[in-house]
Structures are given as C-alpha cells and as structure tokens.
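Okay, structure first, notes after.
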Amino acid sequence: KSSIPFFFILSFITCLYPSLEVRGQSNLMKSIQIDPIKQQRIGSVLQKIAAKGDFTFAYNNRAIPADSLISLNGYQGTIYDFLNNTFGSNYEFKEVPGYIVLRHAPNKMNLSIVLADNQGQQMQIKGHVVNAHDQQGLPEVSVYEKNQLVSALTDENGDFEMKIPDGRREISLTATKETYRDTTLFLLSSVNINATASEGLQKKTKRRYKYYPDAAVNKFRRGFGRLFISSKQTIQDLNLGDFFAYSPYQVSLTPGLSSHGLYNSQVIDHFSLNVIGGYTAGVQGVEIAGVFNIDRTDVSWLQMAGLFNSIGGDMRGFQTAGLFNEVFGKVDGLQIAGVVNVADRSAGLQLAGICNISGDIAGLQISTLFNRAKKVKGIQFAGLFNIADSSDYPIAVINFIKNGKKSIAISLDELNFVHIDYRSGGRVLYGLIGTGYKFIGNSPGYAFDIGFGAHIKRGTVFSIDAEYGYEAISNFKNDPDQLSSFRLLPALRLTKNLQLFAGPTFDLAFDQPADPLKLNGWHLHDFGAKNDRGQLYIGILGGLQFIW
C-alpha cells in the first residue's frame, strides 16, 4: 500500500552553468577540425560544420550575426567550444534532436517555487521569477512542464500559479523568455509505493517531441488567424519557441479555453475538436471546428471548419472551410473553400467559389472568378481570368501570363461581321474575348465573342491554332442569335509581331425567325423548334493578328 507522497526539491539553474547544460549532448561535444579560413561568413562556416555532423543549426538571423565575417588560423576541438569562442558568453547553445539551437541570451533569471497542498494526484505550484541582476520580479515569463503539457505566464510581479495533473511523476519546470537563458528546476518524488503502482508509472508512454526551426513557425504570424490569438498567447509562443510535444487529443471551446491551457500552441495532436475555434501547434490526424482552426505548423490528414482554417506550415490531405483556407506552407492534397484558398505552394487541387491564390502550382486550380499563381505545372480554370508568371494550360476568358503570348486580331467571317478579338494565354492553351460589327447589309448587327483555344503547332513561319468560340449576335431590337464555332486557323508569320490567318469554321447557329441570320457559308442541315431555328454549317474566318 502506498504512503502519502511528499516532495523535495533538487534545483539547479542551467543558465548560470552553460557547461553543465551541454556536456552530455552528443552533437555539441563532437570534435571538429577547421582548416585556416580568411574572411568567410559565419553562416557559411556553420553550414559546413552541420553538413559534416549530420545536423542543422537553427537560429534567428536578427539575433545571430550569421552574415559577419570570420578568420581563423585553424581550429581543433568541440563544437561547443567553437561556438562559445565565436559568439561569446551572451549566447546560449541548446541541443534538440537533429538541431543545435543558437540563442542570444545575455540576461539571466532565477526561478523559485512553493508547493501547495496536493489534491489527490494533482499538485498545486506557486512560483516566482526574478531578474538575476537586480532580483526584481520578471513579467511575461513562460513556465512550463513539457511532459505534462502545462504552462503558465508570470504576471507583472513575476508570480505564477500552476496545477500539475500527475504529481507522482518526476517534474521539470522550465522558465523561458526572449533574451534570457532558460532556467530549470527538477522536482524528484520521495515516495514509497508498491510494485504494482511502480510498474504502472513505468509503463506510461514516453512522450515524443518535434522541433521546427524559426522560419517554419514564424510564417503563421502573418496570417489572418493571428487576429484571434490573444497577446498573452502570443507571448507564450515567443517564449516557448519551436519545440513541440505530441498528444493524443485536445478539445477547445476557444483558443484560450483548451484542454492544454496556454500550452496548446506547443502541442501536436492526433485529434483536435474545437467547438468554436482552436489554436494548436499542429495536427496529425483529424481536426474539426464549428467556426475556425488555427495551427502554427503542419496539419494532416483531415481538417474541416465552418468558416476558416489557418495553417503556418504544410497541409497534407483534405482541407475544407465555408469561407477560406490559408496555408503558409505547401498544400499536398485537396483544398476546398466557399470563397478563397490561399497557399504558398500547392501540389494538389484548389477549388474555390471565388478565387485561388498560390505560389508554385503542380496541380489544378478551379474557381468561378479568378486564379492567381506564380509557376504553374498543371491547369488553371477560372470563370473570368487567370494570373501567373508561367502557366501552359490556363483556361479562362482572359489570361495574364507573364511569359505567355498575347494578341489582338482583326478578322472577317462568313456573316460579314468584322471582329476585333483579344487572345491571351500560355504555351498551349489561351482564352479569347472580343466584339464584332456587321458593316455589310441593310440592318446593323453587333456581336460579342468569348472562347478558348489551343496552339496545335507552333513554328517561326507556320502555325496552327484550334479554338472554340461562343458568339451572341444582336441588333438590340430582338432576342440575340447564338453561334457556337469550332475553328481551325492556320497562320503565316509575316514579321516578328504580325501574321495572317484564315481557316474553316464548323458552326451551330440558333437564330430567331423574326430576324433570321443570312448565312453565307456552306449549309449542312437545318433543324429547330417552334420559336428558333438551328443551322449547322461550315464557314470561314480570316484576318490579321498582332502578337506580343
């Protein structure tokens, strides 16, 4: 039978003794040899060391002088001694799996705690954090226990309170704040317990952790989701940094009311349920919200929200929202939104009610209004226009493709309409929009053209285009006549920017009996109903085209 547990404190302050912090850590204590160098960037030297050691240096460029130049007569020793000699005592070096983290930490702090009465297995902790220099209370310090996934933020006097769910386990409380060295207190349990209880504690699953460099996490702070994060939570994010823990699940009412408390931004969950909205480090599984989901890093495999999703990292899988999706990394899967999808890169399908916005695309963009992207390896389909630096397969009425072709053509068809058409697109597909006027005949006629086409053959002298066009013809007195055309248009290049084109058109026309079209083409068949008349015929279209 177990006795009533009590605790004693074995504390030490790691920030005061950086050597104690690193001596047992493999990468920092690796021996390296550097040949003599002259005026090289510190960042370049760090890259070479990391490449040989099979790890990565992680640091903030604003705090670490990576662009400064360094000269050495040569060096042989540990990585830690090299860093300490290069950067000095105002910097801190920490090791996490796969990374050595460099921090500018010229200040030091002290952490002290008092244990309140235990409530069952829960432990109440009250603490105080002071500046080591003047012993004044230090506000906005994050104090956390990474294994129990709990944290607190000190008030203006440097005080904090915290409840540890399982007080029977060994506990390490770490205080962290920007420009200050981390300080850790270890609480070791002094308890007599039977073998069964001991085995039960030992069988607890060892928690997994993941580290993201600053660059992968800081993108989140540019997003729309930041408007729903409190200043207190933002301070926690900055203090706790980029070291994240895994947890089976989390439940939130709002970003500030979560089963993980203020530590929610440091936890990667397998299942996340947010009644109104939630804020987590990331999800590897399923995330569902009534209104919104906000994630600092990566999300996979399913994310659904009533209004919006905002992700600071990558999205892999299926993402859907009533209004919009916002991903600052890569989307590898399906992204659906009622209004707009935004992604840094996409390797899947973006489907939006209004528009899609992305960087490089290696998939498909579909929207009712417009798509905007940089380099596109796939298809852009929009109801009105596409914008891209490079896109071979844009399908829209108007395409603003930076490296694509644009042209204005004046042409004459078999109905005696003179057309002025604007064509724009990529290397393969293009869109067209234009207008026409009938100069020949007793009654005037006006035409409006839209359509899309493909470059079948592209040559310096001879080329062939195939296109489909829809044409509405009207004299503004009667209902418009409608004409659908499939055109095959060979062209002969005259100069760099001018070419002549002419070719057959295969047309299906529906005209009004009150004002029938006077067709000059080759009639194949007439068909229709009581109020309109359909005619299938072959015509011709030719003209002059200016290309740029």
Handout entry: Pair Phe439 + Tyr437: ring centers closer than 6.0 Å
Key = yes
Exercise for the section: Mark yes or no for whether Asp314, through its side chain, and Lys330, through its backbone, hold a donor-acceptor pair below 3.5 Å. Expected result: yes
Handout entry: Partner set under side chain to side chain donor-acceptor pair (under 3.5 Å) for Ser142, not counting sequence neighbours
Key = Gln236, Asn239
Problem - Pairs touching residues 453-475 that satisfy ring-ring contact (aromatic ring centres under 6.0 Å, His included), sequence neighbours left out - result: Tyr430-His455, Tyr468-Phe486
Exercise for the section: If a pair satisfies ring-ring contact (aromatic ring centres under 6.0 Å, His included) and one of its residues is in residues 302-322, list it, with sequence neighbours excluded. Expected result: Phe224-Phe308, Phe228-Phe308, Phe292-Phe308, Phe308-Phe324
Handout entry: Side chain Asn341, main chain Asn356, donor-acceptor under 3.5 Å
Key = no
Handout entry: Check: Leu536 and Asp507 side chains under 4.5 Å, non-hydrogen atoms
Key = no
Handout entry: Test side chain to side chain donor-acceptor pair (under 3.5 Å) applied to Asn403 - qualifying residues, sequence neighbours left out
Key = Ser390
Completion exercise
With sequence neighbours left out, the residues meeting side chain to side chain donor-acceptor pair (under 3.5 Å) with Arg316 are none
Problem - 4.5 Å side-chain heavy-atom contact, Tyr59 and Val101 - result: no
Practice task
Indicate the ring-plane relationship of Tyr246 and His270, choosing parallel, tilted or perpendicular according to the 30° and 60° boundaries.
Solution key: parallel
Practice task
Answer whether the closest heavy-atom distance between the side chains of Gln303 and Val283 falls below 4.5 Å.
Solution key: no
Exercise for the section: Could you tell me whether Asp67 and Arg41 have a side-chain N and a carboxylate O separated by less than 4.0 Å? Expected result: yes
Exercise for the section: Mind checking the OG-CZ spacing from Ser247 to Phe271? Nearest 0.5 Å is all I need. Expected result: 12.0 Å
Problem - By ring-ring contact (aromatic ring centres under 6.0 Å, His included) - contacts of Phe57 (at least two apart) - result: Phe55
Problem - Test item: side-chain donor near acceptor, Gln380 and Ser391, under 3.5 Å - result: yes
